[in-house]
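Scroll down for the structure; my scribbles are underneath it.
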Amino acid sequence: MPIASSLKSIDPDIFRLVQMEVRRQEYGLELIPSENFVDEAVLEANGSVLTNKYAEGLPRKRYYGGCDCVDAVEELAIARAKELFGTEFANVQPHSGAQANQAVYEAFLKPGDTVMGMRLDQGGHLTHGSPVNFSGKHYKVVAYGVRTTDHLIDPDEVMALAKEHRPKLIICGATAYSRRIDFALFRKVADEVGAILLADIAHYAGLVAAGEYPSPVAYADIVSTTTHKTLRGPRSGLLMGKAQHAQVINRAVFPGLQGGPHMHTIAAKAVSFKEALAPDFKIYARQVIANARALSDALISLGLKIVSGGTDSHLMVVDLRPIEVSGKDAQHVLDSVGITCNKNTVPFDTQPPTVCSGVRIGTPALTTRGMGIAEMKTTAELINQTLRNRTDEKKLDEVREQVRALAGRFPLYRHRLVTE
Ligand SMILES: *Cc1c(COP(=O)(O)O)cnc(C)c1O
């Protein structure tokens, strides 16, 4: 195999599909709050020859030779993660957010132990105890939710459930909760019952790093996160926390759970941590939240409902019941005009999870493109027009044109498109 051959000549099918995906990302409006766009530096590291290297173990304690370069890469990634979040230790090897959480279970629990997490249908994540996930299958799960009145986490319920069930591990953090999480409260509850506290900031990590969302670092024993959501790095995971837990976590990641670390991804993570440490990133994170508030306000003024009435972060769940469309249908029609989001349950939803009464939307990706308040107002208009004219093909065609025109004003990866 010639080392210099390109994807285009070796595999035109995959090449063409990647080109189509570049076009989709370039000319659509990306509102999935767990997605973002990495820059060329992160892509370059992620696509580097580091993918070839086996490096089981930790820097300078590897099971393979030839690790000098990747040792230095991983040490940089660790040092930057610690600096970025102000933590005592970091393990940069988890392959994803789910694997990071699984390592925490492996580190502290035995199968059958009790775990407390947020209900999936009210904002929690699969790995926080869903019955279809390893977490719900192998552990006893107690779930807290939000209040009916204001859709906020109920501190009294959290404390009462913990006292009743005495979980060994308490998880705070969410995947569809737009408000600030009171990490001090969860510390108090964990202390009350002698539990380990895991804060899973997969969604908020970039905002936390920038100081624009509360940090759990002072309160949690372990902090887990993804690196590809608001943090704007490669698709991966990260574990951090108090020094006393470093060894048990490191061992749970490897050899407990994973094999060789993905050194190319670790290099890309190091790059994204460096970017997140730069002053620009704070401006970005602030704009993400300002944009989310503007989007939420604009949707409310157009007659849509937002769960909990607004947002303190990068995301929100739109309650579609006032306009009598399901989350499933909304996701579908929005997709058809180039607006990407995902269906989501609203608290106390009466629809099954495959249908849902809401959609979850967020601003990290659009903000990375350089969009601001004015574009959020336009985006809200386009969402509203789409949802209210679901069967009007002519109207939908107009919206499709406007989506393309708006995205077209904020170039992203179009230099990667090959014209033949
Ligand atoms: C996205 C997410 C994860 C999982 O991340 P993956 O990289 O998709 O495995 C875990 N926890 C929360 C809260 C998340 O939002």
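For ligands, and for the atoms within them, numbers begin at 1 and follow the listed sequence. Along the sequence shown, the residues carry numbers beginning at 1.
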Option passing salt bridge (Lys or Arg N to Asp or Glu O under 4.0 Å) with Glu74 (candidates Lys61, Lys53, Arg62): Arg62
Numbered atoms and elements of ligand 1 in range of [X], under 4.0 angstrom, heavy atoms:
X	answer
Thr175	14 (C), 15 (O)
Gly97	4 (C), 5 (O), 6 (P), 7 (O), 9 (O)
Ala202	2 (C), 11 (N), 12 (C), 13 (C), 14 (C), 15 (O)
His203	15 (O)
His228	7 (O)
Ala98	4 (C), 5 (O), 6 (P), 9 (O)
Ala174	13 (C)

Between ligand 1 and Thr226, is the shortest N or O to N or O distance under 3.5 Å? no
Which protein non-hydrogen atom lies closest to atom 1 (C) of ligand 1, naming both residue and atom, and how far is it? Lys229 NZ, 1.4 Å
Who's the nearest protein heavy-atom neighbour of atom 3 (C) of ligand 1, and how far? His125 NE2, 3.2 Å
For ligand 1, does Ser236 get within less than 4.0 Å through its side chain, its backbone, both, or neither, judged by non-hydrogen atoms? neither
What do you reckon, is NZ of Lys242 surrounded by more than 12 foreign heavy atoms closer than 6.0 Å? yes
Give, for atom OH of Tyr413 and atom CD of Glu26, the distance between the pair rounded to the nearest 0.5 Å. 9.5 Å
Once rounded to the nearest 0.5 Å, what's the spacing between atom CZ of Phe108 and atom CD1 of Ile196? 4.5 Å
Arg187 and Asp191 ion-paired at < 4.0 Å: yes
Does the gap between the ring centers of Phe183 and Phe186 come in under 6.0 Å? no
Test item: Asn291 side-chain N/O and Met371 main-chain N/O as donor-acceptor pair under 3.5 Å: yes
Distance-only side-chain donor-acceptor flag, Ser96 / Gln99, under 3.5 Å: yes
I want to confirm something. Looking only at heavy atoms, which of Ile171, Leu315, Asp200 is nearest to atom 11 (N) of ligand 1? Asp200
